[in-house]
Chemist: 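Input: one structure, supplied below.
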Amino acid sequence: MELRQLKYFVEVADVLNFSEAARNLFITQGTLSQQIRQLEEELGTPLFDRTSHRVILTEAGSQLLPLAKDTLRHANSCKECMEERHGQVSGTLDIGVTYSFRYSILKVMKRFMREHPSVKLNVYCMSAPDLFDMLLMHRLDLVLSMNPANPYSGVESIFLGSSRLSVVVKKDHPLANRTSLSLDDLKHLDIVLMRSGNRDKWTYGDFVGVDMRGLNVRVELTEPDMIFDLVRSTNMVSIMSAFPVYSAPDLKAIPLSGAKELLNGSVHQLQGVSRKKSARIFVDMLLDASKLLRVQGLPPM
């Protein structure tokens with residue numbers, strides 16, 4: 001059994017598609033299929049049920065998957081540990097970023113890539129629940145997001161900065177000159193809200209003590225750029241953290257009165273696991289970039 005074969009197996013198991021897995025691995029589908037067959041022959045059992053329409057893990061495949069991931073992770077840790085002894089920083093660093101932070105992380109990414117060219121960054125931009133699932137499965141080293149309303153067991157969070165829940169409007173909107181807004185000010189307006197993966201759509205407002213159920217929510221989207229386009233081209237307004245609005249200088253984030261708490265942004269990582277040197281460096285860069293942050297709706301990076 002080779003590490004390469006386990007790597008190929010994990011990729012197919014993650015995407016459940018041989019063609020997609022081959023593209024992700026930069027090999028031919030024929031090579032991938034051959035390596036999986038050799039692994040199955042060595043183990044004496046099929047790992048996938050294949051039909052013309054789908055690929056699913058067998059019971060044996062499901063049992064092997066977490067073991068294969070642990071083996072690959074430990075192998076990578078061995079390599080990185082030896083490289084660290086020689087002062088090298090290499091390997092891969094897997095980072096999850098929520099939509100709110102995807103723009104503000106760019107500055108830190110550029111600095112990291114400039115100072116550590118031997119490290120490959122894999123950055124996943126997804127909803128917070130999906131990213132935390134990946135972190136708990138050891139598929140990510142770091143997650144950059146708002147603190148979840150219900151903390152995850154086994155995850156530690158390092159505070160980066162705070163933002164207020166805000167109303168996002170275009171610069172020439174009738175409400176754009178206001179210094180704060182209440183929910184009553186918004187009841188006659190069409191609202192577009194951000195939906196976060198499989199999380200209940202009101203959890204975000206409940207977390208900061210704001211009941212948004214009385215609003216006229218016309219659209220829900222998971223993509224902030226589409227929300228911004230709607231706000232720019234209509235009189236619709238949105239309610240969100242002010243962090244992503246930093247990337248849209250033609251829009252304005254007005255603090256929403258009545259919110260009980262600030263929205264705290266953190267970098268999250270698993271407790272009790274060995275830290276990659278690249279992960280420690282990246283966290284230090286995040287903290288360095290967040291030193292000047294004040295509670296004003298600006299991103300920490």
Side-chain angles (χ1 to χ4, degrees), residues 97-107 125-129 131 144-149 160-197 199-266 290 292-301:
V97 185
T98 57
Y99 300 103
S100 296
F101 283 88
R102 66 177 187 170
Y103 299 105
S104 53
I105 196 178
L106 286 175
K107 185 176 180 180
C125 186
M126 301 165 64
S127 69
L131 291 175
L144 185 61
S145 78
M146 295 295 182
N147 291 356
L160 295 174
S162 298
S163 176
R164 297 188 185 280
L165 193 64
S166 300
V167 180
V168 182
V169 301
K170 59 185 178 182
K171 288 291 182 68
D172 60 350
H173 193 279
L175 297 177
N177 292 327
R178 297 282 295 272
T179 57
S180 68
L181 291 167
S182 67
L183 289 179
D184 286 339
D185 295 321
L186 308 180
K187 286 185 176 180
H188 66 288
L189 299 175
D190 291 336
I191 309 293
V192 51
L193 289 182
M194 183 177 293
R195 176 180 285 278
S196 181
R199 183 176 297 181
D200 180 84
K201 63 184 177 182
W202 305 121
T203 300
Y204 190 52
D206 293 341
F207 176 48
V208 291
V210 176
D211 185 352
M212 295 188 283
R213 285 171 290 188
L215 298 178
N216 183 26
V217 179
R218 296 291 307 280
V219 184
E220 292 180 55
L221 297 165
T222 59
E223 175 52 61
D225 285 342
M226 293 181 69
I227 292 177
F228 293 162
D229 285 343
L230 276 176
V231 172
R232 290 186 185 100
S233 59
T234 69
N235 274 331
M236 297 183 73
V237 304
S238 186
I239 301 173
M240 64 174 68
S241 158
F243 280 91
V245 188
Y246 181 75
S247 65
D250 58 326
L251 302 179
K252 183 177 180 181
I254 304 171
L256 181 67
S257 62
K260 296 178 181 178
E261 301 183 42
L262 297 170
L263 299 170
N264 293 325
S266 298
S290 68
L292 299 179
L293 179 69
R294 297 294 181 265
V295 181
Q296 55 186 353
L298 294 179
M301 275 60 73

Chemist: Does any part of the side chain of Leu189, heavy atoms only, come nearer than 4.5 Å to the side chain of His173, both counted from C-beta?
Modeler: yes
Chemist: Take Thr98 and Met146 through the side chain to side chain contact (heavy atoms under 4.5 Å, CB included) test and state the conclusion after the steps.
Modeler: CA-CA 8 Å; Thr98 57; Met146 295 295 182; 5.8 Å; no
Chemist: Is it true that a side-chain atom of Lys170 and a backbone atom of Thr234 form a donor plus acceptor pair closer than 3.5 Å?
Modeler: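 Side chain of Lys170 to backbone of Thr234: a pair is present.
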Chemist: Calculate, to the nearest 0.5 Å, the distance between atoms CD1 and CG belonging to Ile254 and Leu165 respectively.
Modeler: 12.5 Å
Chemist: Do you know the tightest heavy-atom contact between Ala253 and Ser166?
Modeler: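 Scanning both residues, the minimum pair turns out to be CB-CB, 3.8 Å.
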Chemist: Indicate yes or no: at least one non-hydrogen side-chain atom of Val217 is less than 4.5 angstrom from one of Val192.
Modeler: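 No; the side chains remain at least 4.5 Å from each other.
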Chemist: Leu256 vs Ile239, test: side chain to side chain contact (heavy atoms under 4.5 Å, CB included). Steps then yes/no.
Modeler: CA-CA 8 Å; Leu256 181 67; Ile239 301 173; 4.2 Å; yes
Chemist: How long is the straight-line distance from CD1 of Ile105 back to SG of Cys125, given to the nearest 0.5 Å?
Modeler: 9.5 Å
Chemist: Taking all non-hydrogen atoms of both residues into account, name the closest pair between Asn147 and Gly265 and its distance.
Modeler: OD1-C, 4.3 Å
Chemist: Could you tell me whether a side-chain N or O of Lys171 sits under 3.5 Å from a main-chain N or O of Pro249, the two making a donor and an acceptor?
Modeler: yes
Chemist: Between Ser238 and Leu193 (side chain of the first, backbone of the second, donor and acceptor by atom type, cut-off under 3.5 Å), is there such a pair?
Modeler: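 Such a contact is absent between Ser238 side chain and Leu193 backbone.
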Chemist: Test Asn216 against Lys187 for side chain to side chain contact (heavy atoms under 4.5 Å, CB included), laying out the working first.
Modeler: CA-CA 7 Å; Asn216 183 26; Lys187 286 185 176 180; over 6 Å; no
Chemist: Roughly how far apart are His188 NE2 and Leu215 CG, rounded to 0.5 Å?
Modeler: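 These two atoms lie 11.5 Å from each other.
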Chemist: Between Asp250 and Arg232, does any NZ, NE, NH1 or NH2 come within less than 4.0 Å of an OD or OE carboxylate oxygen?
Modeler: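 Salt bridge between Arg232 and Asp250, a charged N being under 4.0 Å from a carboxylate O: yes.
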Chemist: Identify the heavy atoms of Phe101 and Ser145 that sit nearest to each other, and give their distance.
Modeler: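 Closest approach of Phe101 to Ser145: CE1-C, 3.6 Å.
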Chemist: Testing the basics here: between Asp190 and Arg218, what is the closest heavy-atom pair and its distance to 0.1 Å?
Modeler: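 Taking every non-hydrogen atom into account, OD2-NH1, 3.4 Å.
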Chemist: Hey, could you give me the CG/CG distance between Leu160 and Asn264, rounded to the nearest 0.5 Å?
Modeler: 10.0 Å
Chemist: Carefully, step by step, assess Arg178 and Asp185 under the rule side chain to side chain contact (heavy atoms under 4.5 Å, CB included).
Modeler: CA-CA 11 Å; Arg178 297 282 295 272; Asp185 295 321; 3.0 Å; yes
Chemist: Taking Leu251 as the fixed residue, which of Val169, Ile227, Val168 is the one that meets the side-chain contact (heavy atoms from CB on, under 4.5 Å) rule?
Modeler: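 Filter result, single survivor: Val168.
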Chemist: Measure the CG-CG distance between Leu221 and Leu230 for me, rounded to the nearest 0.5 Å.
Modeler: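 Rounded to the nearest 0.5 Å, the CG-CG separation comes to 6.5 Å.
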Chemist: Rounded to the nearest 0.5 Å, what separates atom OG in Ser257 from atom CG in Asp184?
Modeler: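 That separation rounds to 8.5 Å.
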